[in-house]
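Beneath this line is the structure, given in structure tokens, with notes to follow.
As the structure is a computational prediction, the values presented were derived from the model and not from experiment.
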Amino acid sequence: MKPTLTLNRITKRYGDAFFANRNVNFNFMAGQIHALVGENGAGKTTLMKILFGLESANSGEILINSQPVVINSPIDAKTHRIAMVHQHFMLENQLTVRDHLQLEINSSSKTWGFMRNTIQDEKVSQLLSKLKLNVGLGTPIGSLSVVEKQKIEILKTLLFDPEILIFDEPTAVLPPDEVEQFYDLISELKQSGKSIALITHKLADVIRHCDYVTVLRLGEVRFHAAVAKTDANEIARHMIGDDTSASSDKTKAAADLSATSFKLQDSERTAPLKIYKFSCSDLKSIDLHVQHGEIVSFAGVESNGQNALIEYLIRPENIVGPIKGSISILGLPTVENLATRASSSDVRALNIGFIGPDRLSDSAILDFKINDHYRLLPHYRKDFVLKPISKTTISSAQQELDIRPNDLDLKIGQYSGGNQQKWVVGRETSHYPELLLACHPTRGVDFSATEKIHNILRGIRHRNRSVVLLSSDLDEVLALSDRIYVFFSGQIVGEFLPPFNRSEIGRAFGGAKPSSQKSGGR
Amino acid sequence: MSLHGLEEYLPSLVQFCLSVLRISLPLSLAAIAGFWSERSGTPQVGLEGFLLLGALAGATLVKLTDSMPMGFALTLMIGAAGGMLFYWLACRIAINAILVGLIFNLLIAGIAPFITKLIFGSTGSTPTLDPALRWQFFPYLWAAGILIVSLILFHRTGFGLLVKFAGLKPEVISSAGFSLSTVQMCSLILCGVISTSGGFILSTYLASCYSPMMSAGRGFMALAALIFARWDLPRTFAMAIAFGFFEAAQIYLQSVNSPLPSQFYQALPYLMTLVVLGLRRQGLSEMA
Amino acid sequence: MIRSLSTLTFSALIGALFLGALCLIAGESPVRVVEIVIQNSMLNQEDLAVTLFYSTHLMFAATGLCLAMHAGLFPIGAEGQISISCLATTVVGLLMGPSPFGIFLALLAGPLTAAGLGAVTAYFKVKKSSHEVIVTMMLNFLSASVANYLVSHFFQSSESQNPETGTLAPAFKLFSPLFSLANTPANSSFYLAIAVCFLGWFVLSRTRWGYEIRAVGLNHSVAAHSGISRARVITTVLIVSAALAGLSSFNQILGYNLKYQVGFSADYGFLAIVVALMASRNPLFVIPASFFFAILMKGSAELDIDTDTITRDFVKIIEGFLILAFVLAQKIDLKSLFSRKRIDDESSRA
């Protein structure tokens with residue numbers, strides 16, 4: 001069977017060295033659903049944006065029925081009957097359904113002038129009933145539910161009878177009961193001969209509903225197969241880069257180390273982290289604890305709840321209810337009695353360190369120079385009149401992590417991303433925190449500095465303090481952890497103790513509960 | 001336009017209403033202009049400058065060409081150019097639009113006396129216009145026309161739909177394949193044209209020459225009307241007329257003993273705006 | 001620092017070019033215009049005193065504005081804060097009489113009332129998420145009306161036809177004249193203003209509060225993750241910057257006039273914005289910037305007399321062009337900095 005549309009050797013580069021997509025091939029087949037999976041930053045959305053005309057590739061071509069086509073804008077894409085439903089809805093709450101549909105219709109004819117009720121009510125009501133959507137055209141988007149909003153997005157695309165449909169993380173915002181309905185709709189579309197691409201994190205859905213799967217990792221295609229011929233485990237492995245066997249030695253070594261590390265049963269000191277049956281809008285019944293002298297990992301495919309949890313630990317004021325359960329950090333209750341009890345100022349006043357998952361919105365201000373950068377840690381701004389940071393602190397961080405260039409007069413933004421990360425790690429570990437929350441601490445960092453950062457984390461544990469590690473690098477997680485909690489869909493799907501079974505953990509990433517009695521909890 | 005006292009007004013209520021409308025003309029046009037700018041996503045605090053520009057250009061060009069229509073057309077073109085300049089500074093170069101508005105006000109206020117001295121040798125006002133040239137009804141028709149055309153444009157054309165999205169969620173426009181810059185440019189040109197026409201009426205119809213700073217804060221009152229009416233066009237127009245009413249009432253009350261001081265009417269538009277702002281329920285998100 | 005100096009020079013050059021062109025169009029020699037401005041602002045003691053008096057007003061308000069701008073805010077309420085604070089000082093002084101307690105209250109009244117306006121602005125910003133430009137603009141107009149009303153209905157001086165209050169007793173003159181010149185407005189609050197600028201710079205660059213202000217202004221998300229409360233910072237900075245503008249009452253009332261004249265302010269509040277921008281939000285640079293604009297203010301007053309075509313409003317063109325050129329130059333700088341940053345960010349998303 002020949003593909004309806006082919007993406008051929010698509011390459012997209014930013015700057016000199018960073019490839020968002022590298023020689024990516026991707027096919028759309030009529031009447032088939034092709035899943036595109038990969039970690040955050042793997043290049044999935046970039047690829048589809050290129051197809052839809054929102055980005056332009058540096059090299060490669062797009063072929064429709066074996067003829068090369070040029071797509072420079074969404075209007076070109078629509079002319080070629082390509083439609084895209086974005087992850088973040090292109091909807092405005094204050095405007096009506098009719099407004100949005102009208103805009104779509106205008107876009108193909110580039111209408112700026114008079115519109116004379118160009119919404120053919122018949123066609124629209126046909127589509128509305130097909131999508132089982134019972135809303136008036138004059139309804140403001142803001143009063144629609146999430147499911148209805150998504151259906152409006154789909155409706156917008158169906159107005160032009162597209163042949164090719166791209167869905168970017170469509171089930172990410174849907175409640176579980178609606179997911180089935182969504183896939184029913186998709187398979188109807190598939191049966192009418194459309195070619196569908198689905199960008200998703202949810203491996204269970206891929207196995208159940210999709211026909212083909214392509215795995216992207218770091219911008220390149222790592223794996224492609226018919227879904228019938230593979231399983232979630234294999235897909236997950238390729239997503240996280242576990243294609244080598246050399247790493248199993250590291251796992252063993254790590255297990256040995258954690259067995260012999262010094263652990264004090266110290267019940268007088270307050271527990272670093274205690275979460276008891278915590279639920280909120282995007283998390284369900286989280287039960288976990290961290291003791292002194294251990295490194296605990298929050299693992300899983302990105303954004304399956306572990307990121308949200310860390311954010312709620314640092315910024316309890318951002319928790320959206322209904323709130324249940326309790327959270328206590330170093331003895332400070334941040335959540336209890338159905339409400340939040342502390343703010344980020346209270347949390348940061350504790351002896352903790354925080355390396356955030358998104359450096360630019362969590363951990364680093366690019367315009368700051370090194371002294372101000374260090375002062376982001378409350379420890380360094382205790383006095384009203386600020387003292388300069390001690391030169392030894394700064395230079396020891398620089399030497400230990402090999403931060404380049406050597407010039408200490410630069411703004412943080414003038415360092416490369418990896419070096420920025422090193423400065424963040426250096427800062428957040430310089431005051432010997434009781435509890436370190438480290439999210440992707442080695443992202444973008446070169447190999448030797450990665451080793452050094454790992455040793456810093458181990459050093460914290462050796463001093464009988466604690467680390468919460470959030471990482472989607474399974475090697476890193478296996479090498480460092482004393483315990484691993486795996487997150488999936490806002491819940492803890494398993495707690496793992498050494499010796500770690502790599503494939504079982506990998507399956508847990510895809511949502512499979514572990515067979516033995518190791519589910520998360522006290 | 002002077003008011004002579006209580007006795008003359010009771011029988012001529014119609015006259016009073018007309019004078020309210022007349023006083024409101026520059027203000028309502030400025031408010032509609034502000035509507036186009038703000039609704040398309042560009043905050044607009046430069047209406048004062050545009051009004052002055054229109055007033056100055058109007059009085060000067062009509063005097064020079066001895067023709068109202070000619071002066072009007074030229075003034076509108078200058079207004080369009082002013083709108084283009086605003087677009088270029090605030091949208092292309094992306095200087096903070098509020099700063100652009102403030103600079104605009106400052107520059108116009110400074111250039112105006114320069115130009116009057118240069119062209120007419122006068123220390124502020126332009127020479128009086130020939131009363132024979134003065135329009136009878138056209139400004140009312142113009143204002144009504146602008147209102148109607150704006151309503152049609154906004155609610156019934158593709159352009160108006162784009163403006164709606166531009167002010168609320170610009171990404172939708174680009175993802176549909178339209179050009180956001182073009183939408184912003186056209187909106188700001190509209191803003192320039194309409195506000196300068198308001199200034200034109202101020203100096204050639206409500207008065208008979210340009211005098212320094214004659215906009216007297218109307219540009220800011222127009223902004224207040226816009227905010228108070230929550231950026232809805234017919235409501236904005238109504239608010240502008242209401243503010244015109246306050247202004248007329250204030251003048252009238254100066255000659256009569258009233259319980260409320262004239263400063264109250266002066267302050268009323270701004271007080272009302274603050275009240276409206278205070279009625280909102282949601283505070284800043286991400287507030288720790 | 002180097003970048004802002006070059007931006008300043010660049011914009012000064014562009015501004016000078018435009019203005020020179022305008023002068024020539026008007027038929028005046030640009031050199032002559034400059035000559036007049038300098039002659040009338042600095043070359044004799046009386047004129048210099050007035051210049052310093054203007055600069056004092058500008059320094060107080062602009063320093064406060066620098067603080068607020070570093071927090072990412074753009075409050076333009078200095079004009080109203082200046083008027084209300086001066087009125088409050090005068091009213092309290094008139095009502096309390098020249099006792100030590102009365103003098104003390106009058107001293108506090110100015111900054112405190114202005115701080116009250118700042119608190120109102122903060123309330124609207126934090127609790128109602130209104131834009132501070134709109135709120136402060138409305139407050140400015142309201143302040144003018146309130147001042148107008150209070151003076152004309154309650155405090156109008158019986159000795160004068162002008163819209164002004166009665167005069168305070170001489171004991172209220174807390175700030176002695178500069179250079180021992182009795183008839184000029186300049187007074188020792190000038191030194192206080194200089195001190196305020198230094199203090200402002202110190203607070204901003206060396207204290208914890210100043211650090212929090214800068215962090216919130218640059219990236220309030222990162223600041224929040226570091227435990228800095230955006231609401232608290234915004235509230236305090238708006239109140240403090242308003243109080244600083246309120247110190248103008250020391251200069252105008254307690255140092256010069258001892259009475260409130262309606263409309264006394266020659267747009268000090270608005271010019272303070274221009275000063276703060278030209279000073280690149282650095283309170284130390286506010287000192288020379290205030291002085292520069294004070295020279296323009298004073299020196300241009302005689303322009304319509306001494307030239308044929310140029311009026312005192314010419315100075316507004318100067319101010320407008322200067323700030324425009326300055327902001328343009330900054331934008332060009334920022335653009336090249338951004339493109340470098342973006343490459344770094346993308347490559348770091350491994």
Tell me, for [X] versus chain C, whether the close heavy atoms (under 4.5 Å) come from the side chain, the backbone, both or neither.
{"X": "Ile108(B)", "answer": "neither"}
{"X": "Leu223(B)", "answer": "side chain"}
{"X": "Leu102(B)", "answer": "both"}
{"X": "Val100(B)", "answer": "neither"}

Open item on the list: If you count heavy-atom pairs within less than 4.5 Å of chain B, which of Ile273(C), Asp267(C), Val146(C), Leu324(C) leads?
Closed with: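 The answer is Leu324(C).
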
TODO: Among Val120(C), Asn140(C), Val133(C), Leu139(C), single out the residue with the greatest number of heavy-atom pairs under 4.5 Å to chain B.
DONE: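 Option with the greatest count: Val133(C).
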
For [X], is it the side chain, the backbone, both or neither that has a heavy atom under 4.5 Å from a heavy atom of chain B?
{"X": "Ile318(C)", "value": "neither"}
{"X": "Phe270(C)", "value": "side chain"}
{"X": "Tyr149(C)", "value": "both"}

Open item on the list: When you compare the side chains of Glu79(C) and Ser265(C), does any donor N or O come within less than 3.5 Å of an acceptor on the partner?
Closed with: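 On atom types as modelled, these side chains qualify, holding a pair under 3.5 Å.
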
Task: Heavy-atom pair with the smallest gap, counting every atom of Ile323(C) and Leu277(C) - done: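 Closest heavy-atom pair between Ile323(C) and Leu277(C): CD1-CB, 3.4 Å.
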
Open item on the list: Counting heavy-atom pairs closer than 4.5 Å to chain C, which one of Phe220(B), Tyr270(B), Phe264(B) comes out on top?
Closed with: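 The answer is Tyr270(B).
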
Open item on the list: To the closest 0.5 Å, what do you measure between CG (Leu106(B)) and CD1 (Ile111(B))?
Closed with: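 Between atom CG of Leu106(B) and atom CD1 of Ile111(B) there are 9.5 Å.
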
- [ ] Measure the spacing between CG of Leu238(C) and OG1 of Thr121(C) and express it to the nearest 0.5 Å.
- [x]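 The OG1 atom of Thr121(C) is 6.0 Å from CG of Leu238(C), to the nearest 0.5 Å.
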
TODO: Answer whether the closest heavy-atom distance between the side chains of Ser125(B) and Pro212(B) falls below 4.5 Å.
DONE: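 SC-SC contact between Ser125(B) and Pro212(B) confirmed.
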
Task: Phe155(C), CZ: over 12 other non-hydrogen atoms inside 6.0 angstrom - done: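 Buried by this count: over 12 neighbours within 6.0 Å.
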
Open item on the list: Within a 6.0 Å radius of atom CZ on Phe114(B), are there more than 12 heavy atoms belonging to other residues, nucleotides or ligands?
Closed with: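 Yes.
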
